Visitor: 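One structure is given below, represented as structure tokens, and several questions about it will come after.
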Amino acid sequence: MDYSQAFEISASGMTVEKLRIDLTAVNIANMHTTAGADGTLFRPLRVVSRPGAQNFAGLFEDGSESSVYKLRGAQVFAVQEMTTAPRMVYEPGNPSADATGFVALPGVDHVSEMVNLIAALRAYEANVVAMNAAKNMAVKALEIGGNQ
Amino acid sequence: MNIDPIVGIPPAAAGALSAQAGEAQGETFSKFGTWFGQQIAEVNGQLQRADANLQQLALGDANNLHQVMINLEEAKLSFQLLMQVRNRALEAYQEIMRMQV
């Protein structure tokens, strides 16, 4: 059915937003973790998404120039580590404190993580609304000619 | 002015005619029948997939919730389409059965 394409596009957006929520949760969870056994400090993660690639068959069958821009969902391009400077907190009693008594904590920006959380949630909801609209259109189409 | 008398259709021709009609009717009927059967099988497959997805979800194996929900919606939509086709076919049949003879 041709409506399944609309569903697929919305689903791709939902997948991206779901990953964004997951990574934000990871960032928040690791807000106060110190360097692990291997000495590396956690770096905040970000999703990099881009328009989904059209499959080869689609390009082959539909050679028009405009086809490159239409009917492509979103896809996750990469999960990137942000290069924010670590937060230095004075905590001499901490086992991972350095010689001067400072502990390096990941540079997670709490406020921007919360904003990301809300934005991802709203974007997910918008995808669900778009999918429901497509579904309602299909249901309405099925009502054509029905005897109410 | 000559008016041709009403001549009955010769038995041989009549037989051929009715046989032809019957054949044509049978063919279209079977075509629609097979098509409808295929559609039913397809919808059934979709429903079974949705069911399997639900089972996976219940077992905690589903990788994403929205894909399961979308599959469910698609199966529901396909079934509704099937029902509408069935309603139209039945309506047509009843319309013919109501015909005055």
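Every value quoted in this text rests on a predicted model; they were computed, and no experiment measured them. Quick note on labels: first sequence line is chain A, next is B, and so on, each numbered from 1.
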Visitor: So, for L77(B) and L142(A), which heavy atoms are closest and what is the spacing to 0.1 Å?
Guide: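 Nearest heavy atoms, L77(B) then L142(A): O-CD1, 4.0 Å.
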Visitor: For the OG atom of S4(A) and the CD atom of E73(B), what is their distance to the nearest 0.5 Å?
Guide: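 Here the interatomic distance stands at 13.5 Å.
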Visitor: Side chains of H66(B) and T15(A): is there a donor and an acceptor less than 3.5 Å apart?
Guide: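 Side chains of H66(B) and T15(A): pair found under 3.5 Å.
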Visitor: When rounded to the nearest 0.5 angstrom, what distance separates CE in M69(B) from CE in M14(A)?
Guide: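 It is 10.0 Å, given to the nearest 0.5 Å.
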Visitor: According to a hydrophobic-cluster definition based on side-chain heavy atoms being under 4.5 Å apart (Ile, Leu, Val, Met, Phe, Trp, Tyr only), do M82(A) and F42(A) belong together?
Guide: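 Per the 4.5 Å side-chain linkage, M82(A) and F42(A) are not co-clustered.
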Visitor: According to a hydrophobic-cluster definition based on side-chain heavy atoms being under 4.5 Å apart (Ile, Leu, Val, Met, Phe, Trp, Tyr only), do I28(A) and V115(A) belong together?
Guide: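 I28(A) and V115(A): separate clusters.
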Visitor: Measuring from atom CD of E74(B) to atom OH of Y3(A), what distance do you get when rounded to the nearest 0.5 angstrom?
Guide: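 Between atom CD of E74(B) and atom OH of Y3(A) there are 13.0 Å.
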Visitor: Please check if the number of heavy atoms outside F102(A) that lie under 6.0 Å from its CZ is greater than 12.
Guide: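 For F102(A), atom CZ is crowded (more than 12 foreign heavy atoms under 6.0 Å).
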Visitor: Return yes when atom NZ of K135(A) has more than 12 non-hydrogen atoms of other residues, nucleotides or ligands closer than 6.0 Å, and no otherwise.
Guide: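 Enclosed: over 12 neighbouring heavy atoms sit under 6.0 Å from NZ of K135(A).
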Visitor: Please indicate whether M137(A) has more than 12 foreign heavy atoms, meaning atoms of other residues, nucleotides or ligands, lying under 6.0 Å from its CE.
Guide: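 Counting other residues, nucleotides and ligands, CE of M137(A) stays at 12 neighbours or fewer.
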Visitor: Compare every heavy atom of R88(B) with every heavy atom of I144(A), then report the nearest pair and how far apart it is.
Guide: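 Smallest heavy-atom distance, with atoms named: O-NH2, 2.5 Å.
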Visitor: Taking the side chain as every heavy atom from C-beta outward, state whether I70(B) and M131(A) have any atom pair closer than 4.5 Å.
Guide: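 Yes; the side chains approach each other to less than 4.5 Å.
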Visitor: Any heavy-atom pair between the side chains of E143(A) and Q84(B) that's under 4.5 Å?
Guide: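 No. Closest side-chain heavy atoms not under 4.5 Å.
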Visitor: With a 6.0 Å cut-off (strictly less than), is the heavy-atom count around CZ of F77(A), excluding the residue itself, greater than 12?
Guide: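 No, not enclosed.
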Visitor: Show your reasoning for whether side chain to side chain contact (heavy atoms under 4.5 Å, CB included) applies to N64(B) and K18(A).
Guide: CA-CA 9 Å; N64(B) 50 10; K18(A) 171 74 166 51; 5.8 Å; no
Visitor: According to a 4.5 Å side-chain heavy-atom criterion applied to Ile, Leu, Val, Met, Phe, Trp and Tyr, with indirect links allowed, do L45(A) and V47(A) form part of one hydrophobic cluster?
Guide: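 Shared cluster, yes.
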Visitor: Quick one: what part of Q67(B) sits under 4.5 Å from any heavy atom of chain A, side chain, backbone, both or neither?
Guide: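 Just its side chain gets close to chain A.
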